[in-house]
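One structure below.
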Amino acid sequence: MAKKQNYKFCFGPWNISEGADPYGPTTRPAQTFDWKLAQLKKLGFDAMMFHDDDAVPDIDAKSEAQIRKEAKELRKRLDGEGIAAEMVAPRLWFSPMTIDGGYTSNDPKARRYAIDRSLRCIDIAKILGTDLIVLWLAREGTYLREAKSGKRSVELLAQALDKMLAHDKRIRIAIEPKPNEPMDHAYIPTIGHALALAQLVRDPKRVGALIETAHCILAGLDPADEIEFAMAFGKLWSLHLNDQNGLKFDQDKPFGSTNLRSAFNQVRALERNGYGSRGEYICFDVHPFRSTKVEHWMDHLTNSRRTFLRLLEKARTFDEAAAGKLIADRDYQALDQMSIEHLLGK
Ligand code: XLS
Ligand code: MG
């Protein structure tokens, strides 16, 4: 086991969502960013994740100078509250310019928009004091195979990454893979794809990955194995813990809500490989159930953290020596039951 880590926690303003889904409107009234920041602070989280337009609303209508000015104002407020910015991610999927994708759009004007906006996002990150850019490549994929070339799309992605890396020599880019939704198929569906793409850029050291539990499950993969895969390359730079009940829409359920044993194995994978020792955060990309009342609005976040910490105790008290003996004896039946009993407690 690596040295015991004190984990740091964060979430984003979008995780205090209002309950809208594709079939119905919001179920809770919208709240201001300041209110969300106050909740984060009150609940004792350490940092906030940002989309570029969480940091600078209505970003497309603003000049570069105005964007910088507003980012500086935000930095002051964050410093005043003692809250760090964990990362900034360009929200490329909302704009009318990116209907057909951003970096891989068939329209060169849309590709230019996506890159320009990503460079502004990097400027914001610098001002907010983080070197981490997260790319969830939402619309970089297709609804049908004939619409784009897969090879060309990968080349376009590598070119876009190169332009971002050249814009600021300090930033690191963590790719957040997801296999589908909103697209039928995304070009970078897994951590393996993300790390392979990193090899095509000029400075592969600065391209890594962010793993989201639900996204691994949607790809039919085990989140703990994905975590260990990325960590074997030293490339797990951020993490979105949540849960997902099988192959459905992206549910972003509280951590451990569907599969407690899988959640345990994710925590154990993080703990035994020293996640957090380079300042990485535990982020919860979770949403309240649509039925949630206003008075319980933050519970999915505090519950996710509580579950994480309880599972951390389970990871730390797992009898590694006993497990080692069972492994040496190839008695996986007993190892299975030992793991179950450990989770159930006495
Ligand atoms: C969507 C993603 C998104 C990213 C941030 O499925 O999880 O919320 O984490 O851009
Ligand atoms: Mg996410």
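Just the heavy atoms: all of them, side chains too, but no hydrogens, waters or symmetry mates, feed the values below. Residues take their numbers from the sequence shown, with the count starting at 1.
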Nearest 0.5 Å, what's the [atom1]-[atom2] distance between [X] and [Y]?
X: Glu228; Y: Ile191; atom1: CD; atom2: CD1; value: 13.5 Å
X: Ile211; Y: Tyr275; atom1: CD1; atom2: OH; value: 9.0 Å
X: Glu146; Y: Lys148; atom1: CD; atom2: NZ; value: 13.5 Å

With the threshold set at 4.0 Å, does a side-chain nitrogen-carboxylate oxygen contact exist between Arg120 and Glu64?
-> yes
Arg206 with Asp203: basic N within carboxylate O range, under 4.0 Å | yes
Determine, stepwise, if the pair Glu70 / Lys62 fulfils salt bridge (Lys or Arg N to Asp or Glu O under 4.0 Å).
-> CA-CA 10 Å; Glu70 292 188 27; Lys62 291 176 181 165; 3.1 Å; yes
Name the orientation class of the two ring planes belonging to [X] and [Y] (parallel below 30°, tilted from 30 to 60°, perpendicular beyond 60°).
X: Phe11; Y: Phe45; answer: perpendicular
X: Trp297; Y: Trp35; answer: tilted
X: Phe318; Y: His342; answer: perpendicular

So, do Phe9 and Tyr281 have ring centers that fall under 6.0 Å from each other?
-> no
Among Asp131, Val207, Thr130, Leu165, find the one that has a side-chain contact (heavy atoms from CB on, under 4.5 Å) with Arg172.
->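 Single pass found, and it is Asp131.
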Could you check whether [Y] and [X], counting side-chain N and O atoms only, form a donor-acceptor pair closer than 3.5 Å?
X: Asp243; Y: Asn259; value: no
X: Gln251; Y: Asn245; value: no
X: Gln337; Y: Glu341; value: yes
X: Glu226; Y: Thr190; value: no
X: Asn242; Y: Asp252; value: yes
X: Gln266; Y: Thr213; value: yes
X: Glu155; Y: Gln159; value: no

Kindly indicate whether a cation-pi arrangement holds for Arg111 with Tyr103, taking the cut-offs as under 6.0 Å to the six-membered ring centre and within 45° of the axis.
-> no
Looking at Phe94, is Arg91 sitting on its ring face, NZ or CZ under 6.0 Å from the six-membered ring centre and within 45 degrees of the normal?
->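 Ring-cation test returns yes.
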How about [atom1] on [X], more than 12 heavy atoms from neighbouring residues, nucleotides or ligands closer than 6.0 Å, or not?
X: Lys248; atom1: NZ; answer: yes
X: Arg261; atom1: CZ; answer: yes
X: Arg290; atom1: CZ; answer: yes
X: Gln333; atom1: CD; answer: no

Lys36 and Glu81: salt bridge (Lys or Arg N to Asp or Glu O under 4.0 Å), yes or no, with the steps?
-> CA-CA 12 Å; Lys36 294 179 180 182; Glu81 300 286 351; over 6 Å; no
Is Ile83 reachable from Val134 through a run of hydrophobic residues whose side-chain heavy atoms are each under 4.5 Å from the next?
-> no
According to a 4.5 Å side-chain heavy-atom criterion applied to Ile, Leu, Val, Met, Phe, Trp and Tyr, with indirect links allowed, do Leu301 and Leu241 form part of one hydrophobic cluster?
-> yes
Quick one: do Arg117 and Asp53 satisfy salt bridge (Lys or Arg N to Asp or Glu O under 4.0 Å)? Show the steps, please.
-> CA-CA 10 Å; Arg117 178 139 171 192; Asp53 58 357; 3.6 Å; yes
Of Lys69, Arg75, Lys76, which is the lone residue that meets salt bridge (Lys or Arg N to Asp or Glu O under 4.0 Å) with Glu73?
->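 For Glu73, the salt bridge (Lys or Arg N to Asp or Glu O under 4.0 Å) test succeeds with only one of Lys69, Arg75, Lys76, which is Lys69.
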Could you walk me through whether His51 and Trp93 pass ring pair (Phe, Tyr, Trp, His ring centres under 6.0 Å), step by step?
-> CA-CA 11 Å; His51 290 112; Trp93 50 96; 5.4 Å; yes
N/O donor-acceptor pair under 3.5 Å between Asp100 side chain and Asn106 backbone =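 Yes.
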